[in-house]
Structures are given as structure tokens and as C-alpha cells.
2 protein chains.
Amino acid sequence: MNLSQTTVSRALNGYPEVSAETRRRVAEMADKLGYAPNSQARRLATGRSMAIGHVIPRSIHEMMNPIFLEFIAGAGETYSRHGYDMMLSVVDDAHEEDAYRQIASRKKADGVIIHGPANDERRHLLLKKLNLPFVVHGRIPGAESETSWIDMNNRRAFERATNLLLDLGHTRIALLNGLEHMDFAHRRRRGFEDALAGRGLSPDPALMRSADMTEPYGCENAVAMLKGDDPPTAFLVSSMISAIGVARGIGQCGLKAGKDVSIITHDDALSFLPNCGEVPIFTCTRSSVRYAGEKAAELLLAMIADPDAKPASLHMDAELIIGQSTGPVPSPQNQARP
Amino acid sequence: MNLSQTTVSRALNGYPEVSAETRRRVAEMADKLGYAPNSQARRLATGRSMAIGHVIPRSIHEMMNPIFLEFIAGAGETYSRHGYDMMLSVVDDAHEEDAYRQIASRKKADGVIIHGPANDERRHLLLKKLNLPFVVHGRIPGAESETSWIDMNNRRAFERATNLLLDLGHTRIALLNGLEHMDFAHRRRRGFEDALAGRGLSPDPALMRSADMTEPYGCENAVAMLKGDDPPTAFLVSSMISAIGVARGIGQCGLKAGKDVSIITHDDALSFLPNCGEVPIFTCTRSSVRYAGEKAAELLLAMIADPDAKPASLHMDAELIIGQSTGPVPSPQNQARP
DNA sequence: AACGAAATCCAAAGCGGTTTGGATGGCCGA
DNA sequence: TCGGCCATCCAAACCGCTTTGGATTTCGTT
């Protein structure tokens, strides 16, 4: 070859100061030799780490679940399409701040994604101080205009779902929500309450729960409520997984979902829990969390490419899809009781 | 301060050639200034990337599911405890090889984990050629002794589970397996068949399925089989998620799981699908995939620390846990039919 | 009191790229 | 024929750390 390091670098990186012929030769050689620039060296020289960080606390919370993975899968595709790496840090809850500080001071990533913002979120303040670009998956209450985020309209989705149940004649509607110190769950609850208020109804605390969205959570609470006096005729559930539990609970009580008791769940469109077919099993509000991951990544990469741009955000509406799990409220005399 | 770069580096990295007093001063200063060595520079200088790669194909396969995430969570903890980063690459199926090549040639990671080995696995050959340390989660048939791996005893687990069902009097046992071109599913099937053979029974192809382990997969096949002639009295299922589907299907047929029809499932101990309590919902073979992740990471880090060490492996046995979903085979006259 | 070993610390040379500021040569118009 | 302008290519500086090989100081010994 007998070419300088400069020329090789320029040829490989597509700079114009190199002839087409030379570029071809370089590419050919690199291919034959299996050469690719050492990424550490390149990162050091350019000052960009070409990586996006995701720090996830170790605790077994809602996030550490398939929804999170699906988001990651979406984001990961976008990253690799743009030549970025994805860096995951699984840390002790107490060291979450440290993790961000390390990413910033050691320049481990060019930006991060904030997962699962809480009602009293503070991570964004730290990240601003650290001057680390970030995008929020969800929204930070009170900081909507000064941060970049992507979120679905949780309030509206649950308002619409509740209205559907009300239209079907249900008035005793139970809400099995996620942890309400998380922003998304908080909004869903507001949507639920707003819809009830719109019909002059007030929510019954006995029919509202907030916890990690496991399967048994759905089952146990469904059974408890259905066996209580004045049981609900419908359930509004925050996750497919819990909804499956609710369905099981309904079955345990000798009732039939979609007939004796209605269910509407939120469906994150998880790959291993398909809820489709001609008539999906569950009536649901659906929003692909994988798509959210893709978009969040795009947003973040754009921010990194143009640091002076204003914060951007994407607000998506969930679809309301009718499935087999909803029906009109049964007339009292037909209403089976355990 | 007025200390040389050399001294600072040594102080921070715990080398002995620096006095305790100086080390203290350096640490203090670093803390006050929020200084931490740039990781790219360090990686370049040391030649070690201090990262472990996980490449996951984009396709929606069994891996891209909560089980994978749980493994990741376990491994991630171990990594961060040892100062390693975790690098995830989500790539197009066709580019999986490229991804490994890049990791090796650009020195993006010091080692990788192979997920979901197939019956005709080849990735390990490439990695050997690339001289990239790796650990297999699962086993590569025919390469057990020359690779490092961690696996549960799939064959034995399903053999024991099948024997339990046989002991309860079941002879019509259905197997809803994962994709059998994957090693783990292949082994589970062998366990199932071995147990049957041990009692002089031969498996009925009409009662065996192999597919992605979704919820509907469980439900649809359970319904189809139960409505067929000569239906099974028990199901052996490869995943909790599908098992939930099976339970739903059984309910749809007007039968009761654990009474009319038995279910044993494999339980990966996923956080959002707890199957415990005094008497777990499902009788299961259980093995924590999160623990597997921790151990795999430890194995790999050890390999990296001592490249000359022989391949090591960890073979774990699953627990067989009795839950509510199994019972003796119902006598023919009591056997409800849809 | 002189000497060698041990304890500390430092200057400078990598690590493997990117980028800056020129050098070189071919081709054009005057 | 010659100066000027591109089009190409190159030498060297730099990115921020680790590590090598020495220099300097301290201290126990004889």
C-alpha cells in the first residue's frame, strides 16, 4: 500500500480529500486484512464515546421487566443503525446517582435515557448539572417543557377506556394500577378518575389498588374484590401480565371474563404476549413500547448531533382496541355470584 | 498538589509505589474536583476494553423475552461489581457474525456471552477464530468439553417432571416445548421421551408441539388437544408464560387445572411472574436464570483474568416443586368432557 | 560517616487513532 | 513557459491515560 495513516483514516471515514481510486484500494485492503479502527483509540481522539447509557437499578421493580426489555430492543436497533453502542449499567439502587456521575466524568457515554420517571423525579437535575444529554421515557412532572421526552398519553388512554366501560353500563369499575409514585401510573389514575367525574361518579377506594404489576397481583385482588360485597363488574388493569391474573381470578370465582365481568388492560405490545388475532383476547389500550424505544433513541441521537437544539418531545396516543374481554354490564338478576 | 501524572495514576489505581499520605491527598483532590480517569484513554492505554458484549439478534425469538432480561440483570450486577461495562448489540439476524467480528477487530469488548445455543451452533467456532473469550449460556452439543458454559440440566428436569406425572397415573401427557432447534428445548424433549420410555411408553406425536413460548401458544394447543379424541390428562410446558396460556385453555374447556388436567411447567424464577407462596400455583421445575447470569459473568471474567485456564462449566439441577397444578389422573368416569 | 537498599516520585514513551497545517504534483490559462 | 489553483497526500501534534526506566530521597547498617 504505502499510504500514510492520515490517508487511510480519511479514506475509511469518507472524507473528500482522497481520490476514489485510493479509497477503493484502502477499503479493499482493510477488508482483506480484517482491519477496523480500534474504537477506544477513535473515541479518545474524537472525544465522543459513541455509546448511549442506560442505568437500571437492581431492585426488582416494574422496570426490571419485559416492558423495559422491549424498549431496549427498540432503542438498540436505532443505536446500531447509527453506529452507536448501548451500555447497560445494572446498579444498586443506592448507587444510581454515582452511575450517572461516572458516565459523565469518565465519558462512558454521550447521552443517557431516563427510565420510569417518578412523581418526585430528580435525575434530570443531576444530568443537567453534569451536562449529559438525556431523553426521558415518560414525563417528568413540572419539567415537560425543559426536557426531551417521549411518552404515551396515559391519562387520555385510561380516560377513554373508562368511558368505554361506562358506556357499557359499568359503574363499579376497579382500577388495578401500577405503582402510583411513578408518573405513568399517576396519570392513568387521573384519567380513570376524570372519566368517572365526567359522569358524576366518584371513585371507590375499595376498588383501587397500586402495586408492582405481577400476575398474582391481578389474581389476588380480583378474587378479593369479587368476593367482597358490592363487587366490581369491570376491571381496568395497567398491564397485560396483571390482566392475565385478573382473568384467572375471575375464573376462580366461577365467572366468565367478557361476560360476567369486563376487563380492559393496557397492552404494551410485548412480543411474547401477543394480544391480537381477529378479536384480541383482551380489550385494551395499546401502544408499542418498542416503537417508543426507537423514537427515544432517535431523539437522543439528534440531541447529541445538535447540542444547541431546543428540547423536543413526542406524545403518542394509545389505540383503544375492542377484544373479547368486555361486554355490557350484566343485569343484576343474571349476575352470577360465587 | 504539584504531583506528576504518574503518581496520580498510581495513587488512584492502588499501586504500591506511592506513600499512604500522598494517596490520601490525591484521592481527596480527585473527589473534590470530581475527577475520574477518562475511560476511553484508560482502555486505550491498557489495551483492555473493560466491557462484555452481548449480541442479540433483532428477530422476535424466544430469547428476546423476559428470560433474557433476567439473565442480563444477573450478569450486569456481576459486571458492575467488577468494574466492567455491559455492551448490548441489537442486530439484524443477518449481521450477527459481523457484530462479533466488529467486537473483536475494534476491541469493543474483552469477551462475550453466547445466548441460546442451537443444535447446529457455529458461533463458538467464529469466536475461537477471533480469539475472543466467551461463555455459553446453555450448551453447544459436541463442544461441551472445549467451551466454557453454564446450563441447567434440562434433560433431567423434564425427565423428573414426566416421571412425577407418570407416578400420578398420567399416561397421556402433552409436551408443549420451545423451539426444538434450540439446544435447551431439544434436551427437554429427550428428558420427556426418556421418562416415557422408562415405563415402556412411547410419545404420541399428536401431543407434542414446538414453538415460540407465547401465551396464546399454550392456550390454543391446550384447547385443540383437549377437544381432540383421546385428549391428554397432563401438560408438560416449557415456560410459565405458555403455562398460563394452557391454564386459560383448560378453563375454556370447562375443566379445572390441577384436578381434571395437570400442568407442570418450567419456571425460570422471573421477578414479575412469581410462582411461590405456600403452595405455588404451578407445579414446576425451577431454576433461576438470574443466578445463571451472575455465574456466567463470573466465569467469563475469570477466563479473561487468566486466559490460559482450561474451560470451566457449571451444570445446575432444577428443583422440582409441587404446586397446585398437579394431581392424580382422574378416573375415566369422572373425567369431564367439553 | 559512608554506603547500599528501599521508598517515592517523575519525565517521557507508548496506546491507535483523528486532525491540523503543509508539501507535492498535475493541469489550467495567460 | 510559468505562476496559480486544485486535488492528493503526508508528517507531526494531540487525545488522556498507563507504564517503563531512572532519578532522588530516606533510612538502616556496618
Side-chain angles (χ1 to χ4, degrees), chain A residues 1-31 33-51 82-85 87 101-110 130-132 304-305, chain B residues 1-31 33-51 82-85 87 101-110 130-132 304-305:
Chain A
M1 288 292 282
N2 228 353
L3 278 174
S4 81
Q5 202 185 12
T6 310
T7 308
V8 173
S9 172
R10 284 184 162 151
L12 257 35
N13 290 318
Y15 282 71
E17 306 89 326
V18 51
S19 72
E21 160 63 11
T22 306
R23 192 187 304 280
R24 196 192 52 68
R25 276 170 53 216
V26 171
E28 190 179 299
M29 257 308 178
D31 196 68
L33 268 51
Y35 168 84
N38 178 307
S39 44
Q40 330 297 349
R42 179 204 287 249
R43 284 169 219 242
L44 175 57
T46 58
R48 299 188 309 153
S49 68
M50 296 302 283
H82 288 77
Y84 274 75
D85 289 331
M87 229 201 64
R101 288 207 146 84
Q102 291 251 338
I103 289 176
S105 62
R106 314 190 95 110
K107 305 253 183 325
K108 285 194 173 186
D110 297 329
L130 294 173
N131 209 20
L132 197 58
I304 291 170
Chain B
M1 288 295 283
N2 226 353
L3 278 174
S4 82
Q5 203 185 10
T6 310
T7 309
V8 173
S9 172
R10 285 185 161 150
L12 258 34
N13 290 318
Y15 282 71
E17 308 88 326
V18 52
S19 70
E21 160 64 7
T22 306
R23 192 188 304 280
R24 197 192 51 68
R25 277 170 53 216
V26 171
E28 190 179 301
M29 257 306 177
D31 195 68
L33 268 50
Y35 169 84
N38 178 307
S39 44
Q40 329 298 349
R42 178 201 288 244
R43 286 168 215 239
L44 176 57
T46 58
R48 300 188 308 152
S49 68
M50 296 301 282
H82 289 75
Y84 274 76
D85 289 330
M87 229 201 62
R101 289 209 145 84
Q102 291 250 338
I103 288 175
S105 63
R106 316 189 94 108
K107 304 252 183 324
K108 284 194 174 187
D110 297 329
L130 294 173
N131 208 21
L132 197 58
I304 291 170

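Residue numbers start from 1 in every chain, and the chains themselves are labelled A, B, ... in the order their sequence lines are given, proteins ahead of strands.
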Is it the case that the side chain of A:Arg23 and the backbone of A:Tyr15 share a donor-acceptor pair, with hydrogens and angles ignored and the cut-off at 3.5 Å? yes
Looking only at heavy atoms, the pair that brings A:Met50 and A:Arg43 closest together is O-NH1, 4.2 Å
B:Leu44 CG to C:dT18 P, straight-line distance once rounded to whole Å: 12 Å
Would you kindly give the OH-to-C1' distance between A:Tyr15 and C:dT20, to the nearest whole Å? 12 Å
In whole angstrom, what separates B:Arg24's CZ from C:dT8's P? 15 Å
Using whole Å, report how far CD of A:Glu17 lies from P of D:dA11. 16 Å
No-H, no-angle donor-acceptor pair, A:Thr6 side chain to C:dT19 base, under 3.5 Å: yes
In terms of side-chain geometry, is the basic nitrogen of B:Arg25 or B:Glu28 positioned less than 4.0 Å from the acidic oxygen of its partner? no
Between B:Ser105 (side chain only) and A:Tyr35 (backbone N and O only), is there a donor and an acceptor less than 3.5 Å apart? no
How many whole angstroms separate atom CZ of B:Arg48 from atom C1' of D:dC17? 14 Å
Judged by atom type as modelled, is there a donor-acceptor pair below 3.5 Å linking the side chain of A:Asn38 to the main-chain atoms of A:Gln40? yes
I want to check one thing: is the phosphate of C:dC15, taken as OP1 and OP2, less than 4.0 Å away from some side-chain N or O of A:Asn38? no
Within the pair A:Ser9 and C:dT18, is there a side-chain N or O less than 4.0 Å away from OP1 or OP2? yes
Which angle, to the nearest 10 degrees, lies between the helix axes at the two ends of the helix from C:dA1-D:dT30 to C:dA30-D:dT1, each defined by five pairs? 50°
With nearest nucleotides of DNA chain C determined for B:Thr46 and B:Thr7 from heavy-atom distances, which residue corresponds to the more 5′ nucleotide? B:Thr7
If each of B:Gln5 and B:Ala45 is mapped to the nucleotide of DNA chain C with the nearest heavy atom, which maps nearer the 5' terminus, i.e. the 5' end? B:Gln5
For A:Arg10 and C:dG22, what is the distance between atoms CZ and P respectively, to the nearest whole Å? 14 Å
How close or far is atom C1' of D:dC17 from atom CZ of A:Arg43, stated in whole angstroms? 16 Å
Within the distance-only criterion (no hydrogens, no angle test), does the side chain of A:Ser9 pair as donor or acceptor with the backbone N or O of A:Gln5 below 3.5 angstrom? no
Short side-chain N/O contact from A:Ser19 to OP1 or OP2 of D:dC9, under 4.0 Å: yes
With a 4.0 Å cut-off, would you call B:Arg106 and A:Asp85 a salt bridge? no
Phosphate oxygens OP1/OP2 of D:dC17: is one of them under 4.0 Å from a side-chain N or O of B:Ser39? no
Atom-to-atom span, CG of A:Leu12 to P of C:dT19 - whole angstrom: 13 Å
